Protein chains: 2
Amino acid sequence: MSHSGARRADARQNVDKILGAAVACLSRNADASVSEIAQAAGVGRVTLYGHFPSREALVEAAVMRVLSEGEKVLGGMDLTGDPREALNVLIRSSWLLLAQATAVLEAAQASLPPGRLQELHAKPAQRVDNLIRRGQAEGVFRTDLPADWLVSVLHHVLHGAALDVAAGRLDRADAPHFISETILAAYTRSDK
Amino acid sequence: MSHSGARRADARQNVDKILGAAVACLSRNADASVSEIAQAAGVGRVTLYGHFPSREALVEAAVMRVLSEGEKVLGGMDLTGDPREALNVLIRSSWLLLAQATAVLEAAQASLPPGRLQELHAKPAQRVDNLIRRGQAEGVFRTDLPADWLVSVLHHVLHGAALDVAAGRLDRADAPHFISETILAAYTRSDK
DNA sequence: CAGAACTCGAACATGCCTGTTCGACTTACT
DNA sequence: AGTAAGTCGAACAGGCATGTTCGAGTTCTG
């Protein structure tokens, strides 16, 4: 095992640290500078450019990373059964990941060609979308509002909760419970 | 009426156009450039600097404008009576304004000294906060979630809806209805 | 140990944004 | 009509971010 690349050991490790720092920084600040990300990764700016040719490439790599992590979680999760329970499980076990994903995705929206984003984001988003539509079809979730809107609400509540946690307005431990309770209620008609 | 200022007629008119453009631009793009705002207002960049000494002053003026507009609407609105109805009226008649306010406020957060913001934002936010707390006290809104969180949810759903409209994912005419239905449901316990 | 891969800091070119100054021009008020 | 207020474009200075190059140092790998 030595023919494909030379000193991959620490190089790949650095790439990993950079990607992690990029996700963290872009979640907090949509237009974080390359220097900022490099510093957060504990690596020189030049080293970063040695691994990613441009800021755009770095952002795209960060998006793909957070997306693949999302796939890993979403893929190994049982979303069949009662849609309420499935949604509950999904939120409780991956809200930080989803929130991080939406944050990085929005950050990427400013630095990436317009179409490129939804092209990558399509599949994971479709999973949540399908769950909601199934819940509607089974009469568990309200049908007086379009599924697109319900997805959007989940989206924005997750992102908002992540912002609140980052700003110290919300206890990280409370977040999953609050989100879950709020979304489940919102997905059910209020009167009658 | 001629002693306080000379050719105020079109000067003040330009200030107005600039402030309007600033609010519009900052709602779409939190870090819109001064050139961009000036161009959107149909005036030269130099003229803008003639009225506002710095970008920071411009942003603050835009915040004060949107806040005073908010006060005008919130102040002349009857928020007594059934909290559900009051919240419904508030959302339906001012969602765009509220959404615009949150957008500009977030934009300002990046360009203004940290404390300065909540200092100005305090009173209008308190009004909504009070309405929600009153609803909780009267047993109309759920009390298993803290009022701060419910305010935050309204905040983020409004902002999110504004983003969706701007991105063409949501019809502007549908927004008030969707928001109102969603929030009212979210403010009520789902089961039992 | 020796070479290659990798890292790093400093420095440079470029570009955008902010503020500012200057001079010429247009417009409103008396 | 005349004067002062206001507008505008061009052009400058400073700052910060993106990429790039160079040379020297460090560390993995064989």
Side-chain angles (χ1 to χ4, degrees), chain A residues 1-22 24-26 28-63 104 107-113 116, chain B residues 1-22 24-26 28-63 104 107-113 116:
Chain A
M1 16 227 9
S2 66
H3 67 311
S4 70
R7 185 241 223 111
R8 225 90 131 261
D10 56 336
R12 262 193 81 79
Q13 194 174 348
N14 271 348
V15 172
D16 234 54
K17 286 196 296 183
I18 292 172
L19 253 46
C25 289
L26 291 175
R28 284 195 305 252
N29 183 0
D31 42 34
S33 72
V34 173
S35 313
E36 200 176 330
I37 296 174
Q39 189 174 353
V43 94
R45 205 170 98 264
V46 185
T47 302
L48 192 155
Y49 276 107
H51 290 295
F52 304 93
S54 73
R55 185 184 193 280
E56 186 178 324
L58 171 61
V59 172
E60 184 168 333
V63 169
V104 174
Q109 210 161 12
S111 322
L112 246 57
R116 189 93 184 94
Chain B
M1 12 248 349
S2 65
H3 66 311
S4 69
R7 186 240 223 112
R8 223 91 131 258
D10 57 336
R12 266 196 84 78
Q13 193 174 350
N14 270 349
V15 172
D16 233 54
K17 285 196 296 181
I18 292 172
L19 253 44
C25 289
L26 291 175
R28 286 194 306 250
N29 183 1
D31 42 35
S33 71
V34 173
S35 313
E36 199 176 331
I37 296 175
Q39 189 174 353
V43 304
R45 206 171 93 264
V46 185
T47 303
L48 192 154
Y49 275 107
H51 291 294
F52 304 93
S54 71
R55 185 184 194 277
E56 187 178 322
L58 171 61
V59 172
E60 185 168 331
V63 169
V104 173
Q109 210 160 14
S111 323
L112 246 57
R116 190 93 184 93

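This is a predicted model, so every value here is computed, not measured. Proteins get letters first, then strands, A, B, ... in listed order; numbering begins at 1 in each.
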Where do L58(A) and L19(A) land on the side-chain contact (heavy atoms from CB on, under 4.5 Å) test, with the steps shown first? CA-CA 8 Å; L58(A) 171 61; L19(A) 253 46; 4.2 Å; yes
Taken to the nearest whole Å, CG/L48(A) to P/dT18(D) is 10 Å
When rounded to whole Å, the CD to P distance for the pair Q13(A) and dC28(D) reads 9 Å
CD1 of I37(A) to NZ of K17(A), rounded to nearest 0.5 Å, is 15.0 Å
Think S35(A) has a side-chain N or O under 4.0 angstrom from the OP1 or OP2 of dA17(D)? no
TODO: Apply side-chain contact (heavy atoms from CB on, under 4.5 Å) to the pair V15(A) and F52(A), showing each step before the final yes or no.
DONE: CA-CA 9 Å; V15(A) 172; F52(A) 304 93; 4.0 Å; yes
From CG of L58(B) across to P of dC17(C) the rounded distance in Å is 15 Å
For nucleotides 19-24 of chain C, print each protein N/O atom paired with a nucleotide N/O atom at under 3.5 Å, atom names and distance only.
residue : atom : partner : partner atom : Å
dG19(C) : OP2  : Y49(B)  : OH           : 3.4
dG19(C) : OP2  : R55(B)  : N            : 2.7
dG19(C) : N7   : R45(B)  : NH2          : 3.3
dG19(C) : O6   : R45(B)  : NH2          : 2.9

Between CG of D10(B) and P of dC25(C) the distance, given in whole Å, is 20 Å
When you measure from the side-chain N and O atoms of N14(B) to the phosphate of dG6(D), is any distance below 4.0 Å, counting only OP1 and OP2? no
Here the distance between atom P of dC16(C) and atom CG of D31(B), to the nearest Å, is 16 Å
Note to self: Within a 6.0 Å radius of atom CD on Q39(A), are there more than 12 heavy atoms belonging to other residues, nucleotides or ligands?
What the structure shows: no
Separation of dC6(C) atom P from K17(A) atom NZ, nearest Å, is 15 Å
dist N14(B):CG -> R12(B):CZ (nearest 0.5 Å) comes out at 12.0 Å
For H51(B) and dT7(D), is the shortest distance between a side-chain N/O and OP1 or OP2 below 4.0 Å?
-> yes
In whole angstroms, the gap separating C1' of dT27(D) from CZ of R12(A) amounts to 19 Å
> Given I18(A) and H51(A), is the side-chain contact (heavy atoms from CB on, under 4.5 Å) satisfied, shown in steps?
Replying inline: CA-CA 9 Å; I18(A) 292 172; H51(A) 290 295; 4.3 Å; yes
In this structure, CZ of R116(B) is separated from OG of S111(B) (nearest 0.5 Å) by 14.0 Å
Atom CD of Q39(B) and atom P of dC16(C) are separated, to the nearest Å, by 14 Å
